Protein chains: 2
Amino acid sequence: MAANGGIADDVGFLLSRASGVVARSVNKALAPLGLRVRSYSVLLFACEWTPGITQRQLASVMGLDPSQIVALVDDLEQRDLVTRMPDPADRRNKLITATDEGYQLRDEALRRVEDAHASHFEHLSPAQLDDLRRMLHQIVFADE
Amino acid sequence: MAANGGIADDVGFLLSRASGVVARSVNKALAPLGLRVRSYSVLLFACEWTPGITQRQLASVMGLDPSQIVALVDDLEQRDLVTRMPDPADRRNKLITATDEGYQLRDEALRRVEDAHASHFEHLSPAQLDDLRRMLHQIVFADE
DNA sequence: TATTGTTATACTCTATAACTATA
DNA sequence: TATAGTTATAGAGTATAACAATA
């Protein structure tokens with residue numbers, strides 16, 4: 001599975017290295033906006049889901065424990081980028097929705113992340129990036 | 001509902017998710033051996049490099065700061081899995097080399113990691129895994 | 001002066017368990 | 001009782017700065 005050329009060619013090792021390189025770069029690009037890669041992802045999910053995404057759904061889709069979502073949403077909520085609205089149908093759920101400010105910050109964040117990504121993905125064609133996306137998706141959801 | 005082509009299909013996001021899924025699984029597989037994915041990588045590099053790898057080289061190849069290598073090597077050294085030998089040619093360098101015990105533990109670790117990987121990569125052909133390796137390598141070393 | 005390894009510190013991320021409120 | 005969110009805590013990972021030994 002690994003080890004044609006040893007640990008340096010191990011897919012798990014390369015995944016970790018590539019993820020680290022990109023995340024570091026994205027964190028730097030987002031720092032002026034007061035975002036990190038995690039809070040950025042939460043903001044985008046809040047923008048994309050209508051009429052909002054529950055914290056449980058966020059935890060599931062981000063691969064995190066629900067307890068880790070709390071602080072991320074707290075931060076965005078305190079900055080008026082998202083709101084926590086109790087779901088009328090089930091008051092245990094809290095629907096996370098982006099505010100107008102949230103959408104505006106997302107637009108700026110998307111531009112910065114796209115620039116950061118460009119330097120890392122420039123040697124890959126759009127078709128290759130599609131293949132890459134598909135394969136990563138299969139690794140993440142291998143058991144479904 | 002989620003938008004398609006949104007953050008869930010972002011290559012950086014998928015890299016982070018896939019890396020997390022695999023690392024979690026590998027950490028669990030290595031736990032009985034007292035290894036984690038980081039110390040496992042150090043052990044493998046120590047096994048593969050002749051006549052040893054310096055801590056600076058380890059930091060470079062693993063994408064870490066040299067200060068982070070110290071504790072990793074300390075741990076392996078205290079368990080007699082690797083040795084720190086001053087390089088006669090330049091006594092600032094310390095060559096990290098695996099002991100016989102280190103090589104033995106590596107063999108067992110390799111088996112466990114291969115099993116852990118199998119469940120995540122089973123839907124990908126050997127050719128696809130080669131493509132994946134190549135693309136990840138290009139992302140990591142895009143600026144070289 | 002420059003480089004290798006080291007220590008120290010602060011912050012972020014990860015993993016678990018236990019609690020509350022709603023159902 | 002079961003589920004969603006929350007709090008708390010300990011451990012692992014990340015990022016910098018400064019220092020001693022060696023070149």
Side-chain angles (χ1 to χ4, degrees), chain A residues 12-13 15-17 19-31 34-42 46 52-78 82-97, chain B residues 13 15-17 19-28 30-31 34-42 46 52-78 82-97:
Chain A
F13 179 80
L15 278 172
S16 169
R17 286 286 277 116
S19 170
V21 164
V22 174
R24 237 183 306 268
S25 166
V26 169
N27 276 335
K28 274 185 188 163
L30 292 176
L35 292 173
R36 295 181 61 77
V37 67
R38 279 287 166 74
S39 48
Y40 165 78
S41 298
V42 169
I53 182 171
T54 71
Q55 298 188 192
R56 219 76 185 186
Q57 288 171 321
L58 272 173
S60 169
V61 76
M62 293 179 67
L64 303 178
D65 190 90
S67 65
Q68 299 176 243
I69 302 295
V70 179
L72 290 168
V73 173
D74 281 351
D75 173 57
L76 296 176
E77 187 186 37
Q78 281 158 23
V82 304
T83 60
R84 270 188 177 98
M85 301 187 307
D87 182 354
D90 184 343
R91 297 181 54 78
R92 287 175 305 182
N93 292 333
K94 299 190 180 168
L95 294 170
I96 312 304
T97 316
Chain B
F13 178 81
L15 278 172
S16 168
R17 287 285 276 117
S19 170
V21 164
V22 174
R24 235 182 308 268
S25 166
V26 170
N27 276 335
K28 275 186 187 163
L30 291 176
L35 292 173
R36 295 181 63 77
V37 66
R38 279 288 164 74
S39 48
Y40 165 77
S41 298
V42 169
I53 182 171
T54 71
Q55 298 188 191
R56 218 75 185 187
Q57 288 171 320
L58 272 173
S60 169
V61 76
M62 293 180 66
L64 304 178
D65 189 89
S67 65
Q68 301 176 241
I69 302 295
V70 179
L72 289 168
V73 173
D74 281 351
D75 173 57
L76 296 176
E77 187 186 36
Q78 281 158 24
V82 304
T83 59
R84 272 186 175 99
M85 301 188 307
D87 181 354
D90 182 343
R91 297 180 54 78
R92 289 176 303 182
N93 292 332
K94 299 190 180 168
L95 293 170
I96 312 303
T97 315

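In what follows, every heavy atom counts, from backbone to side chain, and hydrogens, waters and symmetry copies are set aside. Order of the sequence lines fixes the chain letters, A, B, ..., with proteins taken first and strands second; residue numbering starts at 1 for each chain. Predicted, not measured: the structure shown is a model, and the values here were computed from it.
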Quiz item: With a 4.5 Å limit on heavy-atom distance, are the side chains of B/Ser41 and B/Arg38 in contact?
Solution: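 Of all side-chain heavy-atom pairs linking B/Arg38 with B/Ser41, none is under 4.5 Å.
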Quiz item: Heavy-atom distance under 4.5 Å between the side chains of B/Leu76 and B/Ile96, does that happen here?
Solution: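 With C-beta onward as the side chain, the pair stays apart.
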Separation of [X] atom [atom1] from [N] atom [atom2], in whole Å?
| X | N | atom1 | atom2 | answer |
| --- | --- | --- | --- | --- |
| B/Asp90 | D/dA21 | CG | C1' | 11 Å |
| A/Arg56 | C/dT22 | CZ | P | 16 Å |
| A/Arg17 | D/dG13 | CZ | C1' | 15 Å |
| B/Asn27 | C/dA15 | CG | P | 8 Å |
| A/Ile53 | D/dA4 | CD1 | P | 13 Å |
| A/Leu72 | C/dC13 | CG | C1' | 10 Å |
| A/Leu30 | C/dT12 | CG | P | 14 Å |
| A/Gln55 | D/dT7 | CD | P | 10 Å |

Practice problem: Identify whether any heavy atom of B/Arg91 sits under 4.0 Å from a base atom; if not, whether one sits that close to sugar-phosphate; answer base, sugar-phosphate or nothing. | Solution: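 Sugar-phosphate only.
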Quiz item: Base, sugar-phosphate, or nothing: which does B/Asp65 touch, judged by heavy atoms less than 4.0 Å apart?
Solution: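 Base, at least one base heavy atom under 4.0 Å.
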Distance below 4.0 Å between [X] side-chain N/O and [N] OP1 or OP2:
| X | N | value |
| --- | --- | --- |
| A/Gln68 | C/dA15 | no |
| B/Lys94 | C/dT6 | yes |
| A/Arg24 | D/dA15 | yes |

Quiz item: If you look at every heavy atom in B/Ser19 and A/Ser16, which pair is closest and at what distance?
Solution: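 Looking at all heavy atoms of both residues, the closest pair is OG-CA, 3.4 Å.
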Quiz item: What's the shortest heavy-atom distance between B/Met62 and A/Arg17, and which atoms?
Solution: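 Smallest interatomic distance, heavy atoms only, reads O-CD, 3.3 Å.
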Counting heavy atoms from C-beta on, name the nucleotide in [options] closest to the side chain of [X].
| X | options | value |
| --- | --- | --- |
| B/Leu64 | D/dT14, D/dT7, C/dA23 | D/dT14 |
| A/Arg84 | C/dT6, D/dT6, C/dG5 | D/dT6 |
| B/Arg92 | C/dA17, C/dA2, D/dG5 | C/dA2 |

Practice problem: Please confirm whether any donor atom in the side chain of B/Arg38 sits under 3.5 Å from an acceptor in the base of D/dG13, or the reverse. | Solution: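 Check fails, no donor-acceptor contact within cut-off.
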Quiz item: Any N or O donor-acceptor pair linking the side chain of A/Ser67 to the base of C/dT16 at under 3.5 Å?
Solution: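 It does, because a donor-acceptor pair links the side chain of A/Ser67 to the base of C/dT16 below 3.5 Å.
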Practice problem: Take A/Ala89 and A/Val37, find for each the nucleotide of DNA chain C with the closest heavy atom, and name the residue whose nucleotide sits nearer the 5' end. | Solution: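 The 5'-side residue here is A/Val37.
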Self-check item: Residue whose nearest DNA chain D nucleotide is more 5′ - A/Gly20 or A/Ile69
Solution: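 The residue closer to the strand's 5' end, by nearest nucleotide, is A/Ile69.
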Quiz item: Considering the options A/Asp74, A/Thr97, A/Thr54, which one meets the side-chain hydrogen bond (donor to acceptor under 3.5 Å, both in side chains) requirement together with A/Arg84?
Solution: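 For A/Arg84, the side-chain hydrogen bond (donor to acceptor under 3.5 Å, both in side chains) test succeeds with only one of A/Asp74, A/Thr97, A/Thr54, which is A/Asp74.
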